[in-house]
Amino acid sequence: MNKMLKQLHHQGKIWSAAQIHKVVETIDSGYPELNKNLHGGLPCQGVIEVQTINGIGELRLFLPYLLNLLHAELAQHQQTRQLVFIAPPAQISALMLLQASIPLENLLIISSQKPEESLWAAEQCLKSGCCFAVLLWQQLLAVHQVKRLKQAATTGNAVQIIFRSPHSVDLALPVSLSLALEAQPVGLKVHVKKQLGGWPCKAFTVDMHKQWPSLTVTNVDTCKNNGVLSNVVVPLSSRQRFRHVVPSADSQRSGVNAS
Amino acid sequence: MLWLYIDFPSLQLDCIQAGKAKRTAESHVDSLPALVIVDAKKNCIRQLNESATEQDLRLGMGLAMAASLVDKLCVLPYNMAEEESYLMTLAEQLYSVTANIALFPPHGLALQVDDMLRLYHHLEHYIATIRLVLAPFKLSAYFACGYSPLSAQLLACAGISLLSTDKSKIATAIATLPVECLFISNKAKENMTRLGIKTFAQLQALEVAELATRLDANTMDYLAQLNAKVTKSLVLYQPKHAFEHSVELLYEISTINILLHPIKQLLTVLEAFLKRRDYLCLQIELRLFNRAEGLSHSLQQALLISSAAGEYLAKHWLNLVNLKLTSVKLLAPITKISLSVKQFQANTGEVDDIFLGRRGQLSFAQLASLLVNKLGDEKVLRMQLGNDHRAEFASHYLPFMSHSVISDAVVTPKAIKSKQLNSAKAMYKKATSKHAFSDKLPLRPSFILPEPEPLLSNVSIMHGPERIETAWWEQSAGQYRNNEVNSTISQGHHYQRDYFIAKNAQGQCCWVYREEKNQWYIHGYFS
């Protein structure tokens, strides 16, 4: 019996709790807080689900990670695979990607409108083996669809990141990692809902001030600016919304209350 | 010189039936209807199938008589052009085993044998090879040898299969033929019968000089060529550079799944064509024809199917065609399909990592062609920097196919290789010298809205302002630029905007701007 156990252990068919860090191969996410809570970083392979509203920094959370993946590929094979964006909510700006040092030659954008087309494209890209990451904006996901994506990601050694709006119909999707993001003045509040080879942990804050000083505030700033209304923009009143094309000179203006 | 003439008396019929037999292989052969091909000009049957012969139909019968003999008669018009195109297909296939092929349209081929005997040693081997090539077409054919192409033709067209290198054997076989078999004008034949010449042997017995006074020059010319005294100038088959094939469907097809079968047949022919030449092709054109008023085949639609990587395998092309057809709606049942390829590329092989191999199943170009064919050209995009400081012009999308592939495809393989190396090196350098120039770029939102939206909620400003104004040299050219470069953005007019980075109540980082008249808009999101 003991001999058999040993043999099985040798073949790597038995998983022991001590090996927890080896279950998922991870790579530095670029944010120390994230690395700490996710056993060293984000997974190199598999499906990552992100529940977030658009425009709070969800892409910025993954940009250093994608860049790290890219560098790891370059160091290994002297050539890189593609990064694919499928059905982004608006036009993606090339300047933003260049700022994050992601080369445009390695970028493919698929602007499909139908969810089934997006899923099909994602699966094809993943399993082709010539894309290292596929970013997909998709609301509805079924268990079997995620399983297929996961299978495809394993085949092509790629990672699939799916952005969904928060509180989506919460089935137990077979994803490798599930994160829920919330906006914070300093960056993002990350809530790990599920991770492969680990436990869901308490929500923590990721500080993005170092990478993106203009988009975030430091903790000190928050305290100082709290309650100060100096930079609040009052939007157009609802009556004006419909007349904003031809405003009269004396109409009630909206604007910055100069401090 | 020894020639082998192959006559296909029912070429059009056989080709149509071969296509059908493949599809209905399981069903009984004897259930085939009587099929006749009628020459519309002479109103007589030119070709007929076995079941038609069984029902007492004969060649040369009038259509009315045939119709009165058989109640379920399938009639097709004789089409010489079609038959000639079938003949070209045969010549193309035969070209792989024999060198000189003289075309005798509409349904005959003459092959020069004696050169080929050096390769094949025996006539039987040579004939067996040729029969092997012709076997898949299931044609009825007469083979005959002769020491001039015309004598071989004479024998084959008379329905005599004679395979021999023996001169005397051939001569006696020809001698017994009646003069009606000769390919000469009716007037000349009449002249001969008046002279009492009935067989070819009688004709041979006469002196040439004597005959010349009675017969016209054309006939004398023909006879000289027949006896190999004068060599006939022949049209020899030259392999074509472009590929063009078509399949005529026996019945109308309106289901795409069924349509794939004849397409597969065409693609297999293409594969053989490409493989023989060691070529790849990047684009194929599939034309679908349907029945229209007066015409049995009128073009319904032409589909261009492109592959980013050169392909020759029928399997890959079929996959792409299948994807393309899913987005195609057939307007009417299809009666004919044609496939044409105009440009080819030398097969250079792909450079893969010897140690890692190919990880996935496809190369990037293959993946891109999959996506483009399924989703459409306008949905698979690359990104490019624009030379403008305004955010909406600073980056734009370009269709993938027009952007990279076509230009890459033209470049020679060596250049591609060096380019790949260079770009890899450059990229590595660029990536390692991190943030060298990226820091100098202005901060721009990741998502740019196609049209700025009016700001409708409270936001708090975090950063700004940054004034962006249309450049003076653009103010006049704005309209022009719009049409030429980026037609998707319709905001070409002059503007002056003060941009701010602001956060709204949900914590979204917005890129808002104020126009001169103090109106606020959202232009993008930093995500």
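Convention: sequence-line order gives letters A, B, ...; per-chain numbering from 1. If you're wondering where the values come from, they're calculated on a predicted model, not measured in any experiment. Reckoned from all heavy atoms, side chains included, excluding hydrogens, waters and symmetry mates.
The nearest pair of heavy atoms linking M96(A) to R444(B) is CB-O, 3.9 Å. Y397(B) and I92(A) get closest at one heavy-atom pair: OH-N, 2.8 Å. Considering all non-hydrogen atoms of both residues, L108(A) and F400(B) come closest at CD1-CD1, 3.6 Å. Listed here is the closest heavy atom pair of S111(A) and E378(B): OG-O, 4.1 Å. Looking at every heavy atom in both residues, Q508(B) comes nearest to N54(A) through NE2-O, 2.5 Å. When every heavy atom of L104(A) is checked against every heavy atom of R382(B), the shortest pair comes out as O-NH1, 4.4 Å.
Distance check, rounded to the nearest 0.5 Å: CD1 of I110(A) to CG of L375(B) gives 6.5 Å. Atom NE2 of H396(B) is separated from atom CD of Q91(A) by 9.5 Å, given to the nearest 0.5 angstrom. With values rounded to the nearest 0.5 angstrom, I53(A) atom CD1 is found 11.0 Å from S527(B) atom OG. Annotation: the span from M383(B) atom CE to E105(A) atom CD amounts to 12.5 Å, rounded to 0.5 Å. Here the straight-line distance linking atom CD of E392(B) with atom OG of S93(A) works out to 11.0 Å at 0.5 Å rounding.
For Q82(A), the part sitting under 4.5 Å from any heavy atom of chain B is the side chain, from C-beta outward, and nothing else. Contact of C125(A) with chain B is made through backbone and side chain together, with heavy-atom distances under 4.5 Å. For E182(A), no part sits under 4.5 Å from any heavy atom of chain B, backbone or side chain. Heavy atoms closer than 4.5 Å to chain B are found in the side chain of L97(A), but not in its backbone. In this structure, the portion of Y525(B) lying under 4.5 Å from any heavy atom of chain A is its side chain and not its backbone. Residue contact with chain A, scored on non-hydrogen atoms closer than 4.5 Å, involves the side chain of I501(B) exclusively.
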Q: Apply side-chain contact (heavy atoms from CB on, under 4.5 Å) to I56(A) and Q506(B), showing your working.
A: CA-CA 8 Å; I56(A) 58 169; Q506(B) 287 103 44; 5.7 Å; no
Q: Evaluate side-chain contact (heavy atoms from CB on, under 4.5 Å) for L107(A) paired with L381(B), printing each intermediate quantity in order.
A: CA-CA 9 Å; L107(A) 212 68; L381(B) 307 158; over 6 Å; no
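When side chains are defined from C-beta on, M462(B) does not count as touching L215(A), because their heavy atoms never get closer than 4.5 Å. By the 4.5 Å heavy-atom criterion applied to side chains, S446(B) and R60(A) are not counted as neighbours.
Between chain A and the residues V380(B), L449(B), L371(B), the largest count of heavy-atom pairs under 4.5 Å involves L371(B). In terms of non-hydrogen atom pairs under 4.5 Å with chain B, the most contact-rich of A94(A), A158(A), A121(A), C131(A) is A94(A).
The backbone N or O of L367(B) lies less than 3.5 Å from no partner atom in the side chain of Q124(A), so there is not a single donor-acceptor pair.
Atom NZ of K189(A) is surrounded by 12 or fewer heavy atoms from other residues, nucleotides or ligands within 6.0 Å.
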